[in-house]
Protein chains: 2
Amino acid sequence: MRRNNPAGRLPEPPNPIADDGDETHFCRTCAFSGACIAEGYGKPELLELHCLVEHVGPFHAGEHVFRTGDPFRSIFAVRAGTVKTSMVDAEGHEQVLGFYLPGEVIGLNAIYPDHFPCDAVALDTAYFCRFSFPAMSALATRMPAVQQRLFSLISKELGMATLLAGDHNADARMAAFLTDLARRYEERGFSGTRFHLSMSRGDIANYLRLAAETVSRVLSRFRQQELIELEGRELVLRDPERLQQLGRNLLPR
Amino acid sequence: MRRNNPAGRLPEPPNPIADDGDETHFCRTCAFSGACIAEGYGKPELLELHCLVEHVGPFHAGEHVFRTGDPFRSIFAVRAGTVKTSMVDAEGHEQVLGFYLPGEVIGLNAIYPDHFPCDAVALDTAYFCRFSFPAMSALATRMPAVQQRLFSLISKELGMATLLAGDHNADARMAAFLTDLARRYEERGFSGTRFHLSMSRGDIANYLRLAAETVSRVLSRFRQQELIELEGRELVLRDPERLQQLGRNLLPR
DNA sequence: CGGCAAAGATGACTTGCGTCAAGCGCGGTT
DNA sequence: AACCGCGCTTGACGCAAGTCATCTTTGCCG
């Protein structure tokens, strides 16, 4: 097992796949694994879910997983690597919507418009499970736990988007961002106190609706306040509690 | 029929109920009506959906429909009136999440946390259809169109939240807000160029993440640029195209 | 009617963060 | 090695919007 090595300098993939699953088991970190296990579905049902999964990748840093306007047919669960999603507005400005780690799902915001409203770009070498959405919906009608999981995933994403929309100063945004990333890494079995930032300062800034320079300044300040250690993109949280406190207004309760 | 009279001075309800539905028909503006009609469900299925609906209200201005922390059991479709949803953050600051007009659905953001993450308050006299969510989910497993409609509603809400999260100046936010309201009124059969603002300047400001004074100033400027007419809360859009143009970066495409 | 409270408008000032500009360090290329 | 480009940092400055303060309007209730 290769835990606690998210910043590992392996040539490829940089974020190792936690595990691979097989005919009757999910990847351990999979967003859907809980849906079945919780309700005690057996092999036949698992098999059905596996049937509609397709492993895709690798995508290398900078490559698109999907693009704005692509017809919506599938959602993607990240198996390894990191993805950023972003829209460009009417004036051509990029707007980063989110970063997705192994075990997380992208594409849910495409359901309503029925085409992808954003681009998804790999930030490092990334692998995915692709789920046909019509097939998944059909399965959901027979497996309430799958339906519930889908509702839950979309609703969760809605909660996240809402929090970011509040008006908060640069320090609070940054602290919340780091705390949230840490929590998500930890949930997936990685270290929640030291990890690698796969995204540039510019992407962080864009995501937090700040200028890149502001991100730089805030990080410098955090460093001299000994809240964090940071060398390039290698991050250590020195005082997670105080960070969480700083960002508490943006964090889910 | 009582269209184009949203600002009518009827004593109660101020926004008249568009229609009432019966055993086998939905209210004309209902968010779910399309789900069945589109797929040609007949009376038995409609009856099932009607069975899990309960009409509630009136709620008077300032009364809570639900509160933060209430266990999540139902979603609500607005039949008449206007509702605002809001959270209070760790420091006790209110954060307005949205305003909901007749035909729209509130409570979807409660699915994931399984309790309401926000308060819902009537802004004027309001009536609702309450749908038991477990019953609705169960029905959705037998009626794919209902499931699809639920996915779609949540996903749509996600899209809205995302747009508001961008960084835009006060004019763009205000213009987008007015344009969006107009579109939604129009979709429901009301006038899209003259309507009543059920919410205070303070609520608008909070929703747009601006100061109340800024809202006041922007509205004054819009008035003297002849984009709008505004007396108290009675609004006329004089130049909807230019408003839309001003807010285009926040508006769905 | 008159008095009070809340909502809204407007002006003066303050400030957080964006913009601009300069400089550093590092990896890649020739 | 020398050069370049890019990501990142840091400082100086300006502006959009927040804060504070004052005033007007409106609605409400005795």
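Here the structure is a predicted model, which means the values were calculated and not measured. In what follows, every heavy atom counts, from backbone to side chain, and hydrogens, waters and symmetry copies are set aside. Chain letters run A, B, ... following the sequence lines, proteins first, then strands; residues in each count from 1.
Within 4.0 Å of A:Arg209, counting heavy atoms only, lie sugar-phosphate atoms of the nucleic acid but no base atom.
Checked by atom type and distance alone, the side chain of B:Asp167 never pairs as donor or acceptor with a backbone atom of A:Arg209 at under 3.5 Å. Side chain of A:Thr214 to main chain of A:Leu210: no donor-acceptor pair is present (N/O by atom type, distance under 3.5 Å, no hydrogens or angles).
Taking the side chain of A:Glu213 as heavy atoms from C-beta on, and the options C:dT19, C:dC17, C:dG8, the nearest nucleotide is C:dT19. Comparing atom distances between the B:Ser200 side chain and each of C:dA12, C:dC20, C:dG8 picks out C:dG8 as nearest. Here the side chain of A:Arg201 is nearest to one of C:dA21, D:dC8, C:dG18, namely D:dC8. Listed candidates were D:dA16, D:dT9, C:dT10. Nearest to the side chain of A:Ser220 is D:dT9. Distance from the side chain of A:Thr214 is smallest to C:dG18 among C:dG18, C:dT19, D:dT9. Considering only the side chain of B:Arg233, C:dG8 comes nearest among C:dC17, C:dA9, C:dG8. Minimum atom distance to the side chain of A:Arg217 is reached by D:dG11, of the listed C:dT10, D:dG11, C:dC17. Residue A:Asn169 places its side chain closer to C:dG16 than to any other of C:dG16, D:dA17, C:dG18.
One atom, CD of B:Glu234, and another, P of D:dT26, lie 13 Å apart when rounded to the nearest Å. Distance, A:Arg221 CZ to D:dT9 P: 13 Å, rounded to whole Å. Straight-line distance from the CG atom of A:Leu210 to the P atom of D:dC8: 15 Å, rounded to whole Å. The distance from atom CD1 of A:Ile204 to atom P of D:dG7 is 13 Å, rounded to the nearest whole Å. If you take CG of A:Asp203 and C1' of D:dG7, they are 11 Å apart, rounded to a whole angstrom. Distance CG (A:Leu219) to P (C:dC17): 14 Å, rounded to an integer number of Å.
Map B:Arg223 and A:Ala170 each onto its nearest nucleotide of DNA chain C; the residue landing nearer the 5' end is B:Arg223. Nearest-nucleotide positions on DNA chain D for A:Asp167 and A:Met199 put A:Met199 closer to the 5' end.
With salt bridges taken as basic N to acidic carboxylate O contacts below 4.0 Å, none links A:Arg217 and A:Glu213. Using a 4.0 Å cut-off between charged nitrogen and carboxylate oxygen, B:Arg248 and A:Asp89 do not count as a salt-bridge pair.
Between A:Lys84 and the choices A:Glu63, A:Glu104, A:Glu94, the salt bridge (Lys or Arg N to Asp or Glu O under 4.0 Å) rule is met once, by A:Glu94.
In this structure, B:Tyr185 and B:Phe195 have tilted ring planes: the angle between them lies in the 30° to 60° band.
When ring centroids are compared, A:Phe66 and A:Phe76 come within the 6.0 Å threshold.
Fit an axis to the five pairs at each end of the helix from C:dC1-D:dG30 to C:dT30-D:dA1 and the two axes sit 30° apart, to the nearest 10 degrees.
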